[in-house]
*Asks:* 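Can you read through this structure? Questions will come right after.
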Amino acid sequence: MRWRTADPLSESGAEAYVAGVCFKTGPPGRVGVELEWLVHDIREPPRPVALSRIETALRDLATSGRLSLEPGGQVELSSQPADSLTACVEAVQADLSRLFPALARVGLAPHGAALDPVRSPRRVLDLPRYAAMEEFFDRDGPAGRIMMCSTASVQVCLDAGQDVRRRWQVAHAIAPVLLAAFANSPIHHGRPTGWRSTRWAVWHRLDPTRTRAPAGDDPALAWARYALDARVLCVRRDGASWTVPEFTFRDWLRGAGPRPATLDDLRYHLTTLFPPVRPHGWLELRVIDAQDGDGWLVPLAVTTALMEDPQAADAALAAAERLGAERLGAKARDGALLLHAARWGLCDPALATAARACFAAAYAALPRLGAGPETTAAVARFLDRYVERGRCPADDRLEDWCHRAQERMAKRL
């Protein structure tokens, strides 16, 4: 079908476009990653950082990946698709060797947590998209501003492949394990929140029409229906506010909205949907918290191994099936298992058992994928330090917070 981007769009045409374009089939193999960091002042970490300082650091910085800014001034590096895990790792490491010193030259540093532990959310990007997004999410409470301005993540991107149904299944099956193992945001407003991944708890409070997993066994059909039934976040207009009243994209196609919806509108709408696994023609896994330092290497390697290696994928599916049956049964795909993982991390025995099986399978698969010794060693260290002990990075942060709280109390006595 020939698509004309500015012509009015029919409901059937919209569903056909989403189903056909968002799942591009072909041999899997390409790997990409999107890394986000909160940015703080080196001398005064609680101090808000002016947008101009971040822009100065990024100006004329040559990287192979694309640098961009999130609404609260978070820096994002999106790698180019690479032909292998090793090529992706090398490209990102080269880019970070330029990015981090550039930030340091203006007195800034990346913060390794996935949720700002101290500062309140503060939007620094004054763009129509983010103004409309802020107003949209404000209707449901404060979680939207926190998500926009105070969170950071690691997003692993992999080809949809030829057997899309199976890869879609594997991606959703491993999501709770990845969320629990890499949870890294237990502190907010200077205090523990009761969650290992408060970042995910925040996401769970947002509009469920755009943040929960699509329902249905046929990935393309499920995603097409999901996209049309999601609420419209904004409508682009020249020289005017993009804010709109509440209606879904399907409502828009049926006559709601300020004008007839076009293919351009649908394409933009798809960029405002944030489920745990988002199809873009490739699969983007969005459940992983940002990590300290070079900690991003481990979730990239583990996710790639579990998705790309058939033996590892089989092991992951078996572990996920046991986990879902033991914990939540049929509710495993409605977001409840992800929320459980966000609260408990690997302190939950069933999640810890599933994580050990998945990480062992991934570690065994890395040589088959041609992973370098640095990557393999990083996964081994994480496996020993966290997974084998039923811990995640959030537990380190909680222990550090408790230690500092005890020191403060001792000083008062």
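Heavy atoms only: backbone and side chains are in, while hydrogens, waters and symmetry mates are out.
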*Asks:* Looking at side-chain heavy atoms only, is the closest gap between Arg343 and Arg196 below 4.5 Å?
*Replies:*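 Side-chain contact under 4.5 Å: no.
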*Asks:* With rounding to the nearest 0.5 Å, note down the distance linking CZ in Phe274 to CD in Gln155.
*Replies:*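 The CZ atom of Phe274 sits 9.5 Å away from the CD atom of Gln155.
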*Asks:* Does some side-chain heavy atom of Val33 sit less than 4.5 Å from a side-chain heavy atom of Cys88?
*Replies:*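 Yes, side chains in contact.
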*Asks:* Honestly, is Arg236 close enough over Tyr268, meaning NZ or CZ under 6.0 Å from the six-membered ring centre and within 45° of the axis?
*Replies:*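 Yes, Arg236 lies over the aromatic ring of Tyr268.
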*Asks:* Knowing that exactly one of Arg210, Arg231, Arg129 qualifies, which makes a side-chain hydrogen bond (donor to acceptor under 3.5 Å, both in side chains) with Thr272?
*Replies:*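 Among Arg210, Arg231, Arg129, the one meeting side-chain hydrogen bond (donor to acceptor under 3.5 Å, both in side chains) with Thr272 is Arg210.
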*Asks:* Could you tell me the separation between the CD atom of Glu90 and the OG1 atom of Thr86, rounded to the nearest 0.5 Å?
*Replies:*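 Glu90 CD to Thr86 OG1: 6.5 Å, rounded to 0.5 Å.
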*Asks:* Would you compute the distance between atom CG of Leu115 and atom OG1 of Thr193 and round it to the nearest 0.5 angstrom?
*Replies:*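 Nearest 0.5 Å value for the CG-OG1 distance: 7.5 Å.
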*Asks:* Answer yes or no: is there a side-chain heavy-atom contact under 4.5 Å between Pro349 and Trp344?
*Replies:*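 The answer is no, as the side chains (C-beta and beyond) never meet within the 4.5 Å cut-off.
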*Asks:* Is the positively charged end of Arg205 above the ring of Trp200, judged by distance under 6.0 angstrom from the centroid and angle within 45° of the axis?
*Replies:*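 No, cation not above the ring by the 6.0 Å, 45° rule.
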*Asks:* If you measure only the distance, is there a donor-acceptor pair under 3.5 Å linking the side chains of Tyr386 and Asp395?
*Replies:*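 Distance-only check fails for Tyr386 and Asp395.
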*Asks:* Does Arg105 make a cation-pi contact with Phe100, if we ask for NZ or CZ under 6.0 Å from the ring centre and within 45° of the axis?
*Replies:*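 The answer is no, since Arg105 fails at least one limit relative to Phe100.
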*Asks:* Does any part of the side chain of Leu338, heavy atoms only, come nearer than 4.5 Å to the side chain of Pro276, both counted from C-beta?
*Replies:*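 Yes, their side chains come closer than 4.5 Å.
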*Asks:* Indicate whether the side chain of Ser185 and that of Thr198 have a donor and an acceptor atom separated by less than 3.5 Å.
*Replies:*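 The criterion, which ignores hydrogens and geometry beyond distance, is not satisfied for Thr198 and Ser185.
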*Asks:* Among Asp116, Thr151, Asp289, Asn184, exactly one meets side-chain hydrogen bond (donor to acceptor under 3.5 Å, both in side chains) together with Arg199. Which residue is that?
*Replies:*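 Output: one option passes, namely Asp289.
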*Asks:* Do Met307 and Leu283 make a side-chain contact, defined as non-hydrogen atoms from C-beta onward lying under 4.5 Å apart?
*Replies:*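 Answer yes - side chains close enough.
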*Asks:* Using salt bridge (Lys or Arg N to Asp or Glu O under 4.0 Å) as the criterion, list what pairs up with Arg145, not counting sequence neighbours.
*Replies:*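 Arg145 satisfies salt bridge (Lys or Arg N to Asp or Glu O under 4.0 Å) with Glu134, Asp138 once adjacent residues are dropped.
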*Asks:* Could you check if a side-chain atom of Leu228 sits within less than 4.5 angstrom of a side-chain atom of Leu253, using non-hydrogen atoms only?
*Replies:*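 Result yes, sub-4.5 Å side-chain heavy-atom pair found.
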*Asks:* Please lay out, stage by stage, how Arg166 and Asp314 fare under the test salt bridge (Lys or Arg N to Asp or Glu O under 4.0 Å).
*Replies:* CA-CA 10 Å; Arg166 175 176 168 80; Asp314 287 343; 2.4 Å; yes
*Asks:* From Leu383 CG over to Cys358 SG, what is the distance, rounded to the nearest 0.5 angstrom?
*Replies:*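 One gets 11.5 Å once the value is rounded to the nearest 0.5 Å.
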*Asks:* Do the side-chain N and O atoms of Asp95 and Ser64 include a donor-acceptor pair separated by under 3.5 angstrom?
*Replies:*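 Yes, side-chain donor-acceptor contact under 3.5 Å.
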